[in-house]
K.L.:
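Pasting a structure here, questions to come.
Note that ligands are numbered from 1 as they come in the structure, with each ligand's atoms numbered from 1 the same way. Sequential numbering from 1 along the given sequence is applied to the chain's residues.
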Amino acid sequence: MGSLPAIPDSMVESLRSSEHLCVLTGAGVSAESGLRTFRDALTGMWAKYDPMSLATPEAFERDPDLVTRWYDFRVGEGGKHTPNPGHHALARLEEWMTARDRGFTLLTQNVDGFHQDAGSREVVELHGTIRTWRCARCSTGYTHSGRPFDAYPPRCERCPDGVLRPNVVWFGEMLPEEAIERAHDAIASCDVFISIGTSGVVQPASSFGEAAGARGAKVFEINLEPTPLTARADASIHAPSGLALPLLVDRVTA
Ligand code: OAD
């Protein structure tokens, strides 16, 4: 067993007195649930693929069978795992903040739905979700059953040649307008910003911490390792979020 991470007092104090907290999460938050992060090498039958080359509209156009199989596989992986103590701690923190009439916004780049499963309410899914799909042709919406599709690519029930795609944002696609508006509102009004488990290399999320800090918000980070935001942050915890978040939230809400 390793030692427990130290939780900076400045972080606890800032959170205790925050009137509007904005949290940004990335794949690292789900890593302790057993889901691989985006930039980790894929394993098994997917080892030979670069995730960056599967998450594009061009890849879907070129090979809808392959791309829908990959996302179907990810839905299946999600079904085998559950939220971890980090997700639960964030839900607890939101409850504590809202009970005190304070603002709380959780911006996530994750598409796995684990924050909602853990009880988080104010979740902005910047990159969409793998749990709902739509026809790429007529946009009819579908909720994924959690079971693998019968055939690939999955077909639309309404339109004969329509192929279903996940409601995620691929490279080169626009973020959902409502999500980006809610994110900008949160960045513009938060007094504390925390970035958790994200490599901070994909725009626009990678600029959120900098923008909040430039407005005068306190900026914190929880990540296994330093990121481009570390130098800008008021304090950082370099530890697994599933370990650090429960400790932090226990102290804030004590
Ligand atoms: P990445 O895979 O780029 O980064 C994961 C980050 O989590 C890294 O900085 C790790 O150090 C950190 N990490 C891993 N395990 C952790 C743990 N247990 N506790 C804390 N931190 C941990 O994932 P994202 O930053 O989410 O976009 O990637 C952002 C976006 O890039 C994704 O949403 C995806 C990808 O391109 C799209 O698909 C549009």
K.L.:
Please confirm whether Thr227 comes within less than 3.5 Å of ligand 1 when only nitrogen or oxygen atoms on both sides are compared.
P.N.:
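By distance alone, the answer is no.
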
K.L.:
Which ligand 1 atoms does Gly197 reach within 4.0 Å, using its non-hydrogen atoms?
P.N.:
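Reading through ligand 1 atom by atom, the close ones are 5 (C), 6 (C), 7 (O), 21 (N).
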
K.L.:
Output, in order, the C-alpha distance, side-chain angles, deciding distance and verdict of side-chain hydrogen bond (donor to acceptor under 3.5 Å, both in side chains) for His20 and Thr105.
P.N.:
CA-CA 8 Å; His20 186 167; Thr105 310; 3.0 Å; yes

K.L.:
Please give me the minimum heavy-atom distance between Leu21 and Ser18, naming the atom from each residue.
P.N.:
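Heavy atoms only, the tightest pair is N-OG, 3.5 Å.
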
K.L.:
Anything under 30° is parallel, anything over 60° is perpendicular, the rest tilted; go ahead and classify Trp170 against Phe60.
P.N.:
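Aromatic pair Trp170/Phe60 classed tilted.
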
K.L.:
Counting from 1, what ligand 1 atoms have a heavy atom of Pro240 closer than 4.0 Å?
P.N.:
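Once the distances to Pro240 are compared, the set is 17 (C), 18 (N), 19 (N).
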
K.L.:
At less than 4.0 angstrom from any non-hydrogen atom of Gly28, what atoms of ligand 1 do you find?
P.N.:
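Answer, ordered by atom number: 5 (C), 7 (O), 13 (N), 14 (C), 15 (N), 16 (C), 17 (C), 18 (N), 19 (N), 22 (C).
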
K.L.:
Under a 4.5 Å cut-off applied to non-hydrogen side-chain atoms, are Glu221 and His238 in contact?
P.N.:
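With C-beta onward as the side chain, the pair touches.
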
K.L.:
As an exercise, identify every atom of ligand 1 less than 4.0 angstrom from a heavy atom of Val169.
P.N.:
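Close to Val169: 39 (C).
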
K.L.:
Have a look at Leu224, Asn223, Asn110 and point out the one with the heavy atom closest to atom 12 (C) of ligand 1.
P.N.:
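The residue whose heavy atom sits nearest atom 12 (C) of ligand 1 is Asn223.
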
K.L.:
Step by step, work out the side-chain hydrogen bond (donor to acceptor under 3.5 Å, both in side chains) result for Thr140 and Glu157.
P.N.:
CA-CA 9 Å; Thr140 296; Glu157 285 167 8; over 6 Å; no

K.L.:
At under 4.0 Å between heavy atoms, is it the side chain or the backbone of Phe171 that contacts ligand 1, or both, or neither?
P.N.:
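Looking at Phe171 and ligand 1, just side chain atoms fall under 4.0 Å.
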
K.L.:
Nearest non-hydrogen contact with atom 20 (C) of ligand 1 belongs to which option: Gly200, Ala205, Ser241, Ala244?
P.N.:
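Selected option, by shortest heavy-atom distance: Ser241.
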
K.L.:
Assess whether a salt bridge exists between Glu173 and Arg165, defined as any Lys/Arg side-chain N lying under 4.0 Å from an Asp/Glu carboxylate O.
P.N.:
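Answer for the salt bridge query: yes.
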
K.L.:
For ligand 1, does Val29 get within less than 4.0 Å through its side chain, its backbone, both, or neither, judged by non-hydrogen atoms?
P.N.:
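For Val29, no heavy atom sits under 4.0 Å from ligand 1.
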
K.L.:
Is it possible for you to check whether Arg92 lies under 6.0 Å from the centre of the six-membered ring of Trp96, through NZ or CZ, and within 45° of that ring's axis?
P.N.:
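That pair does not qualify as a cation-pi contact.
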
K.L.:
Do the ring planes of Tyr71 and Trp133 sit parallel (below 30°), tilted (30 to 60°) or perpendicular (above 60°)?
P.N.:
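Tyr71 vs Trp133 ring planes: perpendicular.
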
K.L.:
Taking only heavy atoms of Ala27 into account, list the atoms of ligand 1 that are under 4.0 Å away from them.
P.N.:
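Close to Ala27: 23 (O), 24 (P), 26 (O).
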
K.L.:
Within ligand 1, which atoms have a heavy atom of Gly26 less than 4.0 Å away?
P.N.:
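Heavy-atom distances to Gly26 below 4.0 Å select 26 (O).
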
K.L.:
Counting heavy atoms only, which part of Glu32 comes closer than 4.0 Å to ligand 1: side chain, backbone, both or neither?
P.N.:
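The side chain, only.
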
K.L.:
Before giving the answer on salt bridge (Lys or Arg N to Asp or Glu O under 4.0 Å), spell out for Asp112 and Arg74 the whole-Å C-alpha distance, their side-chain angles and the decisive distance to 0.1 Å.
P.N.:
CA-CA 8 Å; Asp112 56 37; Arg74 291 179 62 188; over 6 Å; no

K.L.:
With a 4.0 Å heavy-atom cut-off (strictly under), which part of Ala31 contacts ligand 1: side chain, backbone, both or neither?
P.N.:
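Ala31 to ligand 1: side-chain contact only, backbone stays beyond 4.0 Å.
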
K.L.:
Any idea which atoms of ligand 1 are less than 4.0 Å away from a heavy-atom of Glu225?
P.N.:
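That gives atoms 11 (O) of ligand 1.
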
K.L.:
What part of Val202 sits under 4.0 Å from ligand 1 if we count only heavy atoms: the side chain, the backbone, both or neither?
P.N.:
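Contact part for Val202 vs ligand 1: side chain (C-beta onward).
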
K.L.:
Using a 4.5 Å cut-off on heavy atoms from C-beta on, say whether the side chain of Leu15 contacts that of Leu248.
P.N.:
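A side-chain contact under 4.5 Å exists here.
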
